[in-house]
2 protein chains.
Amino acid sequence: MLRAAADFLGRRPNATQDEIARAVGVSRATLHRHFAGRGELLAALEHLALAHLREALDDARLDEGPAVDALRRLVAACEPVAPYLALLYSQSQERDPDEEPAEWADIDARIVALFHRGRRTGEFGPDLTPAWLTDAFYSLVAGAAWSIQAGRAASRDFTQMVTDLMLRGVSRP
Amino acid sequence: MLRAAADFLGRRPNATQDEIARAVGVSRATLHRHFAGRGELLAALEHLALAHLREALDDARLDEGPAVDALRRLVAACEPVAPYLALLYSQSQERDPDEEPAEWADIDARIVALFHRGRRTGEFGPDLTPAWLTDAFYSLVAGAAWSIQAGRAASRDFTQMVTDLMLRGVSRP
DNA sequence: CTCGTGTGAGACGAATTTGTCTCAAGGTGT
DNA sequence: ACACCTTGAGACAAATTCGTCTCACACGAG
């Protein structure tokens with residue numbers, strides 16, 4: 001149910017609760033019984049996305065093996081969460097920047113740590129800061145999700161699109 | 001005036017026209033005299049962004065010299081437009097995908113052509129498609145603009161952040 | 001069968017937002 | 001001084017959206 005709501009809100013961030021309910025397949029009354037108001041729905045969505053994302057980070061084992069491989073695993077593990085991320089990425093702009101839940105801090109810290117480790121071991125170049133690489137990672141994941149949703153890219157290319165760009169940019173293999 | 005509206009809408013995409021007017025520094029009546037309704041304002045904003053972006057593309061001379069240098073010039077020229085792009089990038093989700101003005105087709109085509117050229121000359125690797133590289137370029141420009149606006153990155157690092165990531169990813173120079 | 005539960009449909013008022021109007025104030029050029 | 005234009009402030013109705021309530025219907029468990 002949240003899945004359908006996420007898909008729909010990804011396309012129409014400002015949709016009415018009436019539209020959301022119809023898109024999900026329930027009546028507005030039922031939607032309001034489960035989530036009282038748009039805020040609760042967004043919160044539930046964020047909670048679900050955070051849970052999936054945490055699980056993805058656990059599966060990726062970011063602190064094991066070469067950082068390059070860990071980054072590959074990270075992108076691959078994030079693929080199912082990408083639509084949620086894209087949604088929250090667009091909604092995050094219209095929220096007070098200081099009221100964002102502290103649960104994001106964990107996630108951010110783990111990804112930042114990966115880029116720090118790669119820089120320390122010399123696998124990653126020293127020019128780009130881990131903070132920017134983390135933001136760029138989010139942007140690329142969300143951008144790839146949008147490209148796929150818009151039909152400009154194939155869903156099965158997600159991992160390669162993001163990993164190749166993160167690892168080598170446009171340069172030759 | 002549009003500049004102020006863009007800055008404010010970048011932070012609060014769902015702001016009331018009252019809030020927009022106050023942020024711009026005029027009364028709601030005056031704002032409504034210039035742009036009848038939110039739609040016209042967004043359209044004007046998009047028009048302005050398109051004009052700036054076209055000018056940036058002209059300045060970048062994407063079809064001259066090595067594609068790598070052209071990409072560098074492109075990013076540098078896009079820096080002033082980045083906040084506009086970030087705004088439209090978030091607003092574009094809530095619009096019918098087929099009613100988007102054809103003016104974007106020009107811009108997209110020129111950027112896609114750059115990546116095509118780089119791939120043809122062998123400067124860019126053959127794995128990533130020009131279409132995805134274009135989307136990724138937009139994502140990174142918008143992401144960098146958000147990072148800067150959020151205070152996580154310095155404004156003067158914009159060009160290097162985006163170009164380094166596009167050209168080499170995380171790998172060493 | 002009967003009860004309880006969950007759902008859909010609809011109606012209602014409240015709050016918000018928007019478009020429009022009027023009027024007074026301020027500035028400009030003649 | 002005078003006409004002219006723009007703006008700010010406020011009021012007003014219309015439209016939209018949201019929260020809430022009621023009622024009828026379906027469905028499974030006992």
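Bear in mind the structure is a predicted one, so any value in this text is a computation, not a measurement. Chain A is the first sequence line, chain B the second, and so forth, proteins listed ahead of strands; every chain is numbered from 1.
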In the 5' to 3' direction, the nucleotides of DNA chain C bounding the stretch that comes under 4.0 Å of a heavy atom in chain A are C:dT7 to C:dA11
### pair A:Phe35-A:Leu45: side-chain heavy atoms closer than 4.5 Å
no
Would you give me the side-chain donor-acceptor pairs under 3.5 Å for residues 124-135 of chain A, sequence neighbours excluded?
residue  : atom : partner  : partner atom : Å
A:Thr129 : OG1  : A:Trp132 : N            : 3.2
A:Trp132 : NE1  : B:Met161 : O            : 3.2
A:Thr134 : OG1  : A:Pro130 : O            : 2.8
A:Asp135 : OD1  : B:Arg152 : NE           : 3.4
A:Asp135 : OD2  : B:Ser147 : OG           : 2.1
A:Asp135 : OD2  : B:Arg152 : NE           : 2.7
A:Asp135 : OD2  : B:Arg152 : NH2          : 3.0

Sorted by number, residues from residues 3-26 of chain B placing a heavy atom under 4.0 Å from DNA chain D are B:Gly25, B:Val26
Residue pair A:Arg72 / A:Val68, side-chain heavy-atom distance below 4.5 Å:
yes
Charged N-O contact under 4.0 Å between B:Asp58 and B:Arg110
yes
Note: contacts of residues 33-40 of chain B with DNA chain D (heavy atom, under 4.0 Å) are B:Arg33, B:His34
Less than 4.5 Å apart, side chain to side chain, heavy atoms only: is that true for A:Leu53 and A:Cys78? yes
inquiry  = Could you tell me if the side chain of A:Val24 sits less than 4.5 Å from the side chain of A:Phe8, heavy atoms only?
reply    = no
Of B:Leu74, B:Val81, B:Asp106, B:Leu114, the one forming a side chain to side chain contact (heavy atoms under 4.5 Å, CB included) with B:Leu57 is B:Leu74
inquiry  = Within the 4.5 Å heavy-atom criterion, are B:Trp104 and B:Leu88 side-chain neighbours or not?
reply    = yes
- Answer yes if A:Val112 and A:Val141 sit in the same cluster of Ile, Leu, Val, Met, Phe, Trp and Tyr residues linked by side chain heavy atoms under 4.5 Å apart, and no otherwise. no
Sorted by chain and number, sequence neighbours left out, ring-ring contact (aromatic ring centres under 6.0 Å, His included) with B:Tyr89 holds for A:Trp146
> Are A:Glu123 and B:Ser171 side-chain neighbours, meaning at least one heavy-atom pair lies under 4.5 Å?
Replying inline: no
Taking B:Arg61 first and then B:Asp69, would you say they form a salt bridge - that is, a charged N and a carboxylate O separated by under 4.0 Å? no
Students should find that the nucleotides of DNA chain D closing off the region near chain B, any atom under 4.0 angstrom from a heavy atom, are D:dT7 to D:dA11
